[in-house]
Number of protein chains: 2
Amino acid sequence: MTTAEETTGGEASAWGEVTPDAARRLLIAAVEAFAERGYHATTTRDIAGRAGMSPAALYIHYKTKEELLHRISRIGHAKALEILQTAARREGTATERLADQVSSFVRWHAGGRTTARVVQYELDSLGPEARKEILALRRQCDAEVRAVIEDGVAAGEFDVLDVKGTTLAVLSLCIDVARWFNVEGPWTPDEVGALYADLVLRMVGVK
Amino acid sequence: MTTAEETTGGEASAWGEVTPDAARRLLIAAVEAFAERGYHATTTRDIAGRAGMSPAALYIHYKTKEELLHRISRIGHAKALEILQTAARREGTATERLADQVSSFVRWHAGGRTTARVVQYELDSLGPEARKEILALRRQCDAEVRAVIEDGVAAGEFDVLDVKGTTLAVLSLCIDVARWFNVEGPWTPDEVGALYADLVLRMVGVK
DNA sequence: GGACACGCTAAGCGCTTGCTCACTTTCGGC
DNA sequence: GCCGAAAGTGAGCAAGCGCTTAGCGTGTCC
């Protein structure tokens with residue numbers, strides 16, 4: 001039998017902030033199950049089983065199944081935002097910063113595909129208030145990318161027809177990596193990150 | 001009360017091949033429900049209710065709930081493939097044909113977002129054999145786009161580093177429109193189609 | 001060393017699910 | 001006007017769902 005930590009691999013380290021240990025194991029098990037089958041097709045018995053616990057144990061650490069998704073979604077979106085902010089605020093030209101944003105954002109979606117899938121595709125399964133909170137984080141992600149593109153236009157580095165639409169397309173392209181990326185496929189996360197950074201620089205008309 | 005046909009609008013016309021009438025109404029109701037809540041969160045009672053029928057009526061026309069998804073998925077993928085083929089086989093340069101593929105494919109994803117969502121995002125809810133059949137249609141879609149990009153490279157119209165990766169990115173960009181497009185948002189399907197055609201031509205390095 | 005809080009389990013409650021079945025209604029052919 | 005097939009209904013079954021509760025073992029405090 002494989003434990004949750006083994007199959008999730010390096011992704012597990014991202015959940016260090018979740019304590020105690022049993023709560024973290026349950027959360028990692030939930031990420032896996034939600035990514036594989038989707039939120040609604042996953043049972044609380046399945047989550048508890050993957051974490052090596054009885055079904056009732058889940059409710060000691062989480063009020064409901066939805067709270068698990070909410071926690072996963074918040075931590076995941078915070079990580080995504082941090083990635084985009086770090087790249088946006090480094091030194092360098094807008095071209096370099098945008099390329100950095102895309103390559104690191106894509107690497108996260110490809111390498112942590114299990115987590116990214118849940119974060120990006122299970123938003124609609126949240127209740128209205130939780131969903132509103134997460135949507136605010138998404139708007140911040142959008143703003144981080146848009147700011148770099150606007151910088152590039154202002155500096156004369158980029159040639160963009162529609163900044164808002166292009167920002168959306170860039171984020172959309174990166175996010176969809178979580179849908180199609182396959183660990184056993186022909187590319188590593190690094191390779192996809194580099195390929196996508198090149199494609200995005202072409203989209204913004206870098207000279 | 002609004003009927004299935006009213007809320008789906010023009011999309012309904014795409015299901016003309018489904019007969020008899022009651023079977024078509026059920027299928028359209030299922031498309032709506034799956035798009036709104038996802039396959040697993042949709043109940044057969046909900047589908048039948050939207051079609052104005054009793055829960056048992058569904059099983060006169062379909063063996064299982066999964067058969068509904070299978071039929072929707074097959075018809076939808078066939079339509080997607082037809083769109084890409086039509087654009088690929090028209091007269092014109094590779095540049096014109098690729099722009100046509102992207103703008104019409106995006107228009108379909110934006111305008112028929114309800115259907116496209118189900119087609120593109122509920123694949124994993126199918127059983128193994130049905131899924132295999134649908135994946136074959138997806139590979140054909142990929143081949144149609146790749147052929148046009150290869151034509152453009154051979155003709156010296158495009159400048160592409162990685163044909164396979166770029167093909168995947170182009171399709172990925174178009175497909176993700178179904179996730180974010182909002183009918184009440186700032187763009188019409190035509191506008192997004194035009195914007196995306198421009199972005200894709202930049203991605204392939206059109207001169 | 002007795003009391004107690006804590007983490008966890010076994011059992012199961014109330015409800016919903018996908019699906020079935022006995023039965024009624026509708027309707028074209030003769 | 002009768003008949004059989006097709007289409008649809010109301011009631012309900014077995015299974016599985018999210019979640020609760022009563023009780024057990026363990027370690028910590030004084």
Side-chain angles (χ1 to χ4, degrees), chain A residues 1 3-5 15 18-34 36-73 118 122 124-131, chain B residues 1 3-5 15 18-34 36-73 118 122 124-131:
Chain A
M1 180 191 159
T3 67
E5 285 84 349
W15 306 108
V18 182
T19 54
D21 182 67
R24 182 170 52 249
R25 271 161 47 218
L26 283 163
L27 194 119
I28 291 169
V31 169
E32 281 182 33
F34 291 163
E36 268 177 39
R37 315 211 215 292
Y39 175 78
H40 285 293
T42 298
T43 70
T44 54
R45 285 164 176 83
D46 181 25
I47 296 169
R50 285 174 191 247
M53 304 171 85
S54 79
L58 196 152
Y59 294 91
I60 292 161
H61 300 283
Y62 302 95
K63 273 207 295 287
T64 63
K65 177 178 148 185
E66 198 198 310
E67 193 192 321
L68 266 166
L69 178 61
H70 186 189
R71 294 267 273 262
I72 293 166
S73 205
V118 179
E122 298 293 343
D124 291 342
S125 303
L126 286 170
E129 341 76 56
R131 186 191 161 117
Chain B
M1 179 192 159
T3 68
E5 285 85 347
W15 307 107
V18 181
T19 53
D21 182 65
R24 182 171 51 246
R25 272 160 46 217
L26 283 164
L27 193 120
I28 293 169
V31 169
E32 281 181 34
F34 292 163
E36 269 177 38
R37 314 212 217 291
Y39 175 78
H40 285 292
T42 298
T43 69
T44 55
R45 284 164 176 82
D46 182 25
I47 296 168
R50 284 174 191 247
M53 304 172 85
S54 77
L58 196 152
Y59 294 90
I60 293 164
H61 301 284
Y62 302 95
K63 271 207 295 287
T64 62
K65 177 178 148 185
E66 197 198 311
E67 193 193 321
L68 264 166
L69 178 60
H70 186 189
R71 291 269 274 264
I72 292 166
S73 204
V118 179
E122 299 292 343
D124 291 342
S125 303
L126 286 171
E129 341 75 56
R131 186 192 162 116

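In what follows, chains carry the letters A, B, and so on, assigned in the order in which the sequence lines appear, proteins first and then strands, with residues in each chain numbered from 1.
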Practice item. I would like to know whether A/Ile72 and A/Glu122 meet side chain to side chain contact (heavy atoms under 4.5 Å, CB included); could you show each step before the answer? Key: CA-CA 10 Å; A/Ile72 293 166; A/Glu122 298 293 343; over 6 Å; no
Practice item. List the steps, then state whether salt bridge (charged side-chain N to carboxylate O under 4.0 Å, His left out) holds for B/Asp124 with B/Arg131. Key: CA-CA 7 Å; B/Asp124 291 342; B/Arg131 186 192 162 116; 3.1 Å; yes
Close N or O pairs between protein and nucleotides 25-28 of chain D (under 3.5 Å):
none

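Between the side chain of B/Glu66 and the backbone N or O of B/Gly127, at least one donor-acceptor pair lies under 3.5 Å.
Geometrically, B/Lys65 engages B/Tyr39 in a cation-pi contact, judged by NZ or CZ lying under 6.0 Å from the ring centre and within 45° of the ring axis.
Note: OH (A/Tyr62) to P (C/dC8) measures 12 Å, nearest angstrom. Rounded to an integer number of Å, the gap from A/Leu26 CG to C/dC8 C1' is 11 Å. When rounded to the nearest whole Å, the span between CD1 of A/Ile60 and C1' of C/dG7 equals 5 Å. Note: CZ (A/Arg37) to C1' (D/dG16) measures 14 Å, nearest angstrom.
Of all heavy-atom pairs between B/Leu27 and B/Trp15, the closest is CD2-CE3, 3.3 Å. In terms of heavy atoms, B/Ala33 sits closest to B/Thr42 at O-OG1, 3.3 Å.
Counting only heavy atoms from C-beta outward, the side chains of A/Met53 and A/Arg25 approach each other to under 4.5 Å. Residues B/His40 and B/Ser125 meet the side-chain proximity criterion, which asks for heavy atoms closer than 4.5 Å.
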Study note, to complete from the structure: Counting primed atoms, P, OP1 and OP2 as sugar-phosphate and everything else as base, the B/S/- map of nucleotides 10-25 of chain C against protein heavy atoms under 4.0 Å is B-B----BBBBB----
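Within the structure, a side-chain polar atom (N or O) of B/His61 is placed less than 4.0 Å from OP1 or OP2 of D/dG8.
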